[in-house]
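Below is one structure, written out as structure tokens, with a few remarks after it.
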Amino acid sequence: MAIRVVFNPVCSSIGGDVKSENALRTLAEGFGGEVILPEAAGYESARRVWNQLIDRKPVAIARCRTRDDAVSALAVARDTGLEVAVRGGGHSFPGFSTTEGGLVLDLGPMKQIIVDVEQRTAKVGPGVRWGDLTAATAHHGLVPVGGHVADVGVAGLALGGGNGWFARVFGLACDNLVAADVLTASGEIVRASADEKQDLYWGLRGGGGNLGVVLEFTLRLHPVDRVLGGLVMHRLDDAAEVLRFLAQYGQSAPDEVNVAPAILAAPPAPFVPQELHGKPVLALATCYVGPISDGERELAPVRGFGKPFADLVEPTSFEVLQHMFDAQGQSTPYHMRSHLGGPITEELIEAVIDFGGRLSSPENGVLLLPMGGAVAGVAADATAFRHREASYCLEIGAAWSADDENPQRHIDWADQLWAATRSWATGVEVNHLADEGPEGVRRAYGDNYDRLAEIKRAWDPDNLFRLNQNVPPAVAN
């Protein structure tokens, strides 16, 4: 790929910072990818991120194709003092995938996937998305442990925790990180695993982007052929009764079962009664990992409870199931609020039905993603991800059209539901944390915060990697 770099000597995009300008010139001359500056034709599209609510203008975007590209680009940021944003899939809700006036390390082109069938692992580049990885491993009868949305990047999700379809049976995405090749703040590339750089390995599993740039993930794969999955849909009038049933059912369901209730606007689909099109309904996203006959038996109580108007559960592949929430991957203005919490309570039911019944936008949604099982089987201090005791992750997603004249009403809707459910919460997953400042970050890491800060001091003492849910380096005694 040709190098694209444009400088305007009259109106410098770097605001007259000669040192930075010269460093970027030098970077572009030996770069294997692209260095895109504000004067370049492709700059406007290159600077955009998935969340259209975020509108920032970096001084340059370094689209890295190789490890050497990433090393060189990071060196420029470190040596010039430019703020650095690391972009993998670019789905950071608060917009940490870009920067105002800094340098973006765009790792999107680094999409290599190498599947080791015998070891049941995959070596994955930081630009890979979960849908890409699932498609690559499906040919071998193997599945990765990722999230619910195919378009989300592997890097961000795995580093922050990663709750998905298989969480209860195989754990979080970070629990399936076998090893990582990490570009550190000093410019060195090191390998972290259970046998090497154990402190760094501990911090990578849930610590977000605080400790370095992961240039390759080695992820554990699992043999899964077919799953039983799909949606069971109820009218909102019946939602309270169904959620009370799930509160009981979820306490004794086997780990192979994953049932995620969601309140969303019903699509104009043939299986939805016409009078419900665009109206809030309760959808149960279900999945059973194991023999189909066992799944039919275990999911029968869920499918048979109440009066569902649609039952779309059937044997399918994980590759197909992972695309169920593709609508959430569409680029739009987006505001996320979230909690981790215990079992479903009457207070929680009342709040989600109240706000779910008055969605401020047809793109809004309220989801309860199950945890427990294998997630809870990992000790709270075994990884940086702390909240192993949680039963559910509450996701409150507000999305709307970019030309909406009153976006604040959607933000307020999400914030108010978040506040109404705060007493239920026990913590938050860093991946779903809004821009809530130091208090929010401490809420995410709980008792693991201090250890993560010590590791941060060892690997990034100057806080070069600060565009994230930031844990500043611990102060030396």
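Keep in mind that this is a model prediction, so the values were computed, not measured.
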Quiz item: Do Ser361 and Arg409 have side-chain N/O donor and acceptor atoms under 3.5 Å apart?
Solution: no
Practice problem: Could you tell me whether the side chain of Leu24 reaches within less than 4.5 Å of the side chain of Leu103, counting heavy atoms only? | Solution: yes
Quiz item: Would you call the rings of His339 and Trp418 parallel, tilted or perpendicular if under 30° counts as parallel and over 60° as perpendicular?
Solution: parallel
Self-check item: Criterion salt bridge (charged side-chain N to carboxylate O under 4.0 Å, His left out) on Arg443 and Glu436, from CA distance to verdict
Solution: CA-CA 10 Å; Arg443 191 165 72 96; Glu436 299 172 26; 3.6 Å; yes
Exercise. Quick one: do Glu29 and Arg25 satisfy salt bridge (charged side-chain N to carboxylate O under 4.0 Å, His left out)? Show the steps, please.
Key: CA-CA 6 Å; Glu29 290 170 359; Arg25 285 182 185 277; over 6 Å; no
Quiz item: Within 45 degrees of the axis of the six-membered ring of Trp202 and under 6.0 Å from its centre: does Arg451 put its NZ or CZ there?
Solution: yes
Quiz item: Quick one: are Leu211 and Leu452 in side-chain contact, heavy atoms under 4.5 Å?
Solution: yes
Quiz item: Can you tell if the side chain of Arg120 reaches within under 4.5 Å of the side chain of Leu142, non-hydrogen atoms only?
Solution: yes
Practice problem: Verify the distance criterion only: is there a donor paired with an acceptor across the side chains of His387 and Glu429 at less than 3.5 Å? | Solution: no
Self-check item: Which atom of Gly160 lies closest to which atom of Asn431, heavy atoms considered
Solution: CA-OD1, 3.3 Å
Quiz item: Taking all atoms of both residues into account, what is the closest heavy-atom pair of Leu183 and Ala70, and its distance?
Solution: CD2-O, 3.6 Å
Self-check item: Gln52 side chain near Pro333 side chain, heavy-atom distance below 4.5 Å
Solution: yes
Exercise. Ignoring hydrogens and angles, state whether a donor on the side chain of His222 or Asn176 is under 3.5 Å from an acceptor on the partner side chain.
Key: yes
Quiz item: In terms of side-chain heavy atoms, does Asn470 have a donor or acceptor partner in Asn463 at a distance below 3.5 Å?
Solution: yes
Quiz item: Going by distance alone, is a donor N or O of one side chain under 3.5 Å from an acceptor N or O of the other, for Gln322 and Thr134?
Solution: yes
Quiz item: Do the non-hydrogen side-chain atoms of Asn258 and Thr286 ever get within less than 4.5 Å of each other?
Solution: no
Quiz item: Charged N to carboxylate O under 4.0 angstrom, Glu439 versus Arg442?
Solution: no
Quiz item: Between the side chains of His410 and Asp404, does any donor sit under 3.5 Å from an acceptor?
Solution: yes
Quiz prompt | Ser338 and Glu395 side chains, donor-acceptor separation under 3.5 Å | solution = no
Quiz item: Any side-chain heavy atom of Leu133 within less than 4.5 Å of one from Leu219?
Solution: yes
Self-check item: Exam field: side chain Arg56 to backbone Gly95, donor-acceptor pair closer than 3.5 Å
Solution: yes
Practice problem: Would you please say whether a donor-acceptor pair under 3.5 Å links the side chains of Gln408 and Asp412? | Solution: yes
Quiz item: Looking at CG of Leu264 and CG of Leu367, how far apart are the two atoms once the value is rounded to the nearest 0.5 Å?
Solution: 7.0 Å
Quiz item: Minimum heavy-atom separation for Val471 to Asn210, with atom names?
Solution: N-OD1, 2.9 Å
Quiz item: If you count the non-hydrogen atoms of other residues, nucleotides and ligands that lie under 6.0 Å from NZ in Lys111, is the total more than 12?
Solution: yes
Quiz item: Of the non-hydrogen atoms in Ala185 and Phe465, which two are nearest, and what is the gap between them?
Solution: N-CE1, 3.6 Å
Practice problem: Provide the closest heavy-atom pair for Ser97 versus Ser92 in the form atom of the first, atom of the second, distance. | Solution: OG-CB, 3.6 Å
Quiz item: Should we say atom CZ of Arg67 is surrounded by more than 12 heavy atoms from elsewhere, each under 6.0 Å from it?
Solution: yes
Quiz item: How are the rings of Phe170 and Phe166 set to each other: parallel, tilted or perpendicular (split at 30° and 60°)?
Solution: perpendicular
Quiz item: Do Thr66 and Asp68 have a side chain donor and acceptor closer than 3.5 Å?
Solution: no
Quiz item: Between atom OH of Tyr449 and atom NZ of Lys456, what is the distance when rounded to the nearest 0.5 Å?
Solution: 10.0 Å
Exercise. Would you mind reporting whether Trp424 and Leu394 have side-chain heavy atoms less than 4.5 Å apart?
Key: yes
Practice problem: Could you tell me whether Asp106 and Arg65 make a salt bridge, using a distance below 4.0 angstrom between a side-chain N and a carboxylate O? | Solution: no
Quiz item: What do the steps show when you test Arg47 against Asp55 for salt bridge (charged side-chain N to carboxylate O under 4.0 Å, His left out), and what is the final call?
Solution: CA-CA 8 Å; Arg47 77 177 181 89; Asp55 184 19; 2.6 Å; yes
Quiz item: Do Arg386 and Asn448 have side-chain atoms, one donor and one acceptor, less than 3.5 Å apart?
Solution: yes
Quiz item: Is a side-chain donor-acceptor pair under 3.5 Å present for Asn364 with Trp400?
Solution: no
Quiz item: Without hydrogens or angle criteria, can the side chains of His335 and Asp415 be said to hold a donor-acceptor pair below 3.5 Å?
Solution: yes
Quiz item: Any side-chain heavy-atom pair from Glu83 and Leu467 closer than 4.5 angstrom?
Solution: yes
Quiz item: Could you state the interatomic distance from CG (Leu368) to OH (Tyr392), rounded to the nearest 0.5 Å?
Solution: 7.0 Å
Exercise. Can you label the angle between the His91 ring and the Trp50 ring as parallel, tilted or perpendicular, going by 30° and 60°?
Key: parallel
